[in-house]
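To start, the structure itself, in structure tokens.
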Amino acid sequence: MKFVNKALALLFFYCFLQTDAWFSRRRRRRACSPRDCEVSSWSSWSSCSAEKCGQQGSQRRTREQVSEPSCGGSECPTLEETRQCYSTQTVNCQLSSWSEWSACSTVCGVSGIQTSTRHRVITEQCGGTCSSTLRKTRACPELSCLNGGSLQQGACFCNKGYSGVCCQKKLKKGKK
């Protein structure tokens with residue numbers, strides 16, 4: 001009986017070892033390889049958040065997680081980055097409205113000119129343009145006669161007591 005017990009003990013021990021080896025082989029077959037997190041390529045940088053030329057702002061770019069890490073693989077790297085930037089947005093000038101036409105440059109408008117001007121309300125920046133004119137001129141629109149003179153065929157006819165191209169001179173008594 002001692003022999004049978006020893007044989008059974010040996011058989012049991014052998015089976016136990018075989019079972020343990022079987023489980024060990026099975027575990028090795030099922031063990032996974034580490035797999036790192038995978039991410040997509042970076043997106044393009046966003047526009048600079050600064051709105052004025054030379055003003056400091058920031059830009060942002062992102063990427064997406066494609067797969068999770070498994071079996072002890074590396075965690076995902078950062079999915080967002082930011083950086084400083086300076087606005088280079090062009091700013092074109094902005095001009096005021098035109099002024100009223102000036103008085104005619106001659107006394108009564110004969111061969112005279114008038115001007116109208118405007119000015120920059122916002123100056124161009126970062127390569128912006130300001131191609132418009134700031135001053136314009138025109139011939140006086142009509143001939144005008146002074147001191148009650150009348151316009152006839154493009155010339156002034158003066159009232160009694162006045163002379164000159166525009167009837168601007170007062171005659172001294174006794175002269176015509």
Side-chain angles (χ1 to χ4, degrees), residues 35-70 73-176:
R35 183 173 169 190
D36 297 337
C37 172
E38 291 182 38
V39 293
S40 66
S41 298
W42 286 108
S43 66
S44 297
W45 286 102
S46 65
S47 299
C48 188
S49 63
E51 294 179 10
K52 291 184 178 178
C53 176
Q55 183 181 37
Q56 185 175 336
S58 62
Q59 290 177 293
R60 178 178 173 255
R61 70 177 183 172
T62 59
R63 58 184 171 184
E64 302 293 321
Q65 180 177 329
V66 175
S67 67
E68 296 274 342
S70 61
S74 298
E75 292 296 315
C76 291
T78 183
L79 300 176
E80 181 178 324
E81 284 185 340
T82 58
R83 68 179 181 186
Q84 286 184 343
C85 60
Y86 291 90
S87 178
T88 57
Q89 181 177 352
T90 59
V91 176
N92 294 329
C93 75
Q94 289 184 12
L95 302 173
S96 67
S97 299
W98 287 103
S99 69
E100 294 292 322
W101 287 103
S102 68
C104 193
S105 62
T106 59
V107 177
C108 64
V110 177
S111 304
I113 60 166
Q114 292 177 296
T115 59
S116 179
T117 59
R118 59 184 174 175
H119 62 277
R120 286 178 173 90
V121 175
I122 296 176
T123 303
E124 62 275 14
Q125 300 173 24
C126 289
T129 59
C130 194
S131 59
S132 187
T133 183
L134 300 176
R135 179 184 172 112
K136 61 184 178 179
T137 60
R138 71 178 184 184
C140 293
E142 58 186 60
L143 181 65
S144 58
C145 302
L146 301 174
N147 299 311
S150 62
L151 181 63
Q152 296 175 13
Q153 299 174 357
C156 283
F157 285 88
C158 302
N159 282 337
K160 194 173 187 179
Y162 294 95
S163 67
V165 177
C166 302
C167 303
Q168 74 274 18
K169 297 178 187 174
K170 188 170 186 177
L171 295 175
K172 294 183 182 176
K173 295 217 182 215
K175 289 190 177 181
K176 276 194 169 185

Original post:
Can you list the steps and then say if C93 with T123 is a side chain to side chain contact (heavy atoms under 4.5 Å, CB included)?
Top reply: CA-CA 5 Å; C93 75; T123 303; 5.8 Å; no

Original post:
Please walk me through it: do Q55 and Y86 pass side chain to side chain contact (heavy atoms under 4.5 Å, CB included)?
Top reply: CA-CA 5 Å; Q55 183 181 37; Y86 291 90; over 6 Å; no

Original post:
Given the rule in the disulfide (SG to SG under 2.5 Å) test, do C145 and C156 qualify, once you have shown the distances and angles that lead to the verdict?
Top reply: CA-CA 6 Å; C145 302; C156 283; 1.9 Å; yes

**OP:** For the pair V121 and L95, evaluate side chain to side chain contact (heavy atoms under 4.5 Å, CB included) and give the outcome as yes or no after the intermediate values.
**Re:** CA-CA 5 Å; V121 175; L95 302 173; 5.9 Å; no

**OP:** Test side chain to side chain contact (heavy atoms under 4.5 Å, CB included) on V39 and L79 and set out the steps.
**Re:** CA-CA 8 Å; V39 293; L79 300 176; 3.7 Å; yes

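Pairing each heavy atom of D36 with each of S67, the nearest pair is O-OG, 4.2 Å. In terms of heavy atoms, C53 sits closest to Q125 at CB-OE1, 3.4 Å. Scanning both residues, C140 and S105, for their nearest heavy atoms gives SG-N, 4.3 Å. Residues C126 and T88 share a closest heavy-atom pair of CB-O, 3.8 Å. Annotation for S49 and C85: closest pair N-SG, 4.2 Å, computed over non-hydrogen atoms.
With values rounded to the nearest 0.5 angstrom, E75 atom CD is found 9.0 Å from Q65 atom CD. W98 contributes atom CH2, which lies 5.0 Å from atom OG1 of T133 (distance to the nearest 0.5 angstrom). Of the inter-residue distances, the one linking C130 atom SG with Q94 atom CD reads 10.0 Å to the nearest 0.5 angstrom. Atom CD1 of I113 sits about 9.5 Å away from atom CH2 of W101, to the nearest 0.5 Å. Atoms SG and CD, from C104 and Q114 in turn, are 5.5 Å apart once rounded to the nearest 0.5 Å.
Side-chain contact between R63 and P77 is present, with at least one heavy-atom pair separated by less than 4.5 Å. Counting heavy atoms from C-beta on, the side chains of P69 and S74 never come closer than 4.5 Å. Counting heavy atoms from C-beta outward, V91 and I122 have side chains that approach closer than 4.5 Å.
Of the possible donor and acceptor atoms, none in the side chain of S99 sits under 3.5 Å from a partner among the backbone N and O of S116. Panel note: side chain N92, backbone G128; no donor-acceptor pair is recorded below 3.5 Å. Checking side-chain atoms of S102 against main-chain N and O of T115 turns up a donor-acceptor pair under 3.5 Å.
Residue K136 places its NZ atom among more than 12 non-hydrogen atoms of other residues, nucleotides or ligands, all under 6.0 Å distant.
By the SG-distance test at 2.5 Å, a disulfide connects C37 to C76. Across the pair C158 and C167, the gap between the SG atoms, which is the quantity tested here, stays under 2.5 Å.
Here salt bridge (charged side-chain N to carboxylate O under 4.0 Å, His left out) pairs that include residues 116-133, with residues two or more places apart or in two chains, are R120-E124. Screening residues 77-103 for salt bridge (charged side-chain N to carboxylate O under 4.0 Å, His left out) gives R60-E80, R61-E81 as the qualifying pairs, with residues at least two apart or on separate chains.
Considering only residues two or more places apart in sequence or on other chains, E64 meets the salt bridge (Lys or Arg N to Asp or Glu O under 4.0 Å) condition with none of them.
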